[in-house]
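One structure is given below, encoded as structure tokens.
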Amino acid sequence: MRVERVRAGAPVAAALAGAVLARDIVVAGERWRKGRRLSPGDLDALAREPAAPSGRGIPVLVPEPGELHEDEAAKRLAEA
């Protein structure tokens, strides 16, 4: 996995759909928990969110081809 930073209030690349939040954040008054897979709608919501004063961005994990989200890996292990 590689780490990217998403900036609230800035356009977000559609290619980041499926990226995973690396920490909890609050968007439009709703708490998004670490581990959430970002949908295209989530990326739009982040682009509409006011920018944070620190401007450091929100870390997200972008899976490389062949890598699984931890929930999917756990499901597969349980089924095995």
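- Summarising the geometry, atom CD belonging to Glu67 is positioned 5.0 Å from atom CE belonging to Met1; distances are rounded to the nearest 0.5 Å.
- Atoms CD and CD1, from Glu30 and Ile25 in turn, are 10.0 Å apart once rounded to the nearest 0.5 Å.
- Scanning all heavy atoms of the two residues, the minimum distance from Ala17 to Leu43 falls at N-CD1, 3.5 Å.
- The two residues Ala47 and Pro11 make their nearest non-hydrogen contact at CB-CA, 4.4 Å.
- Across all their heavy atoms, Pro59 and Val3 have their closest contact at CB-CG1, 4.4 Å.
- The existence of a salt bridge linking Lys34 and Asp24 is excluded, since no basic side-chain nitrogen approaches an acidic carboxylate oxygen closer than 4.0 Å.
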CA sep, side-chain torsions, deciding dist, call: Glu4, Leu16, side-chain contact (heavy atoms from CB on, under 4.5 Å)
CA-CA 9 Å; Glu4 297 279 339; Leu16 290 180; 4.1 Å; yes

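- Grouping the Ile, Leu, Val, Met, Phe, Trp and Tyr side chains by contacts below 4.5 angstrom, directly or via other members, places Leu38 apart from Leu61.
- A single hydrophobic cluster is seen to contain both Val62 and Ile58, as judged by linkage of ILVMFWY side chains at heavy-atom distances under 4.5 Å, directly or through other members.
- Not a single donor-acceptor pair under 3.5 Å links the side chain of Asp44 to the backbone N or O of Gly41.
- Annotation: the span from Leu46 atom CG to Trp32 atom CH2 amounts to 4.5 Å, rounded to 0.5 Å.
- The distance from atom CG of Asp42 to atom CD of Glu49, rounded to the nearest 0.5 Å, is 12.0 Å.
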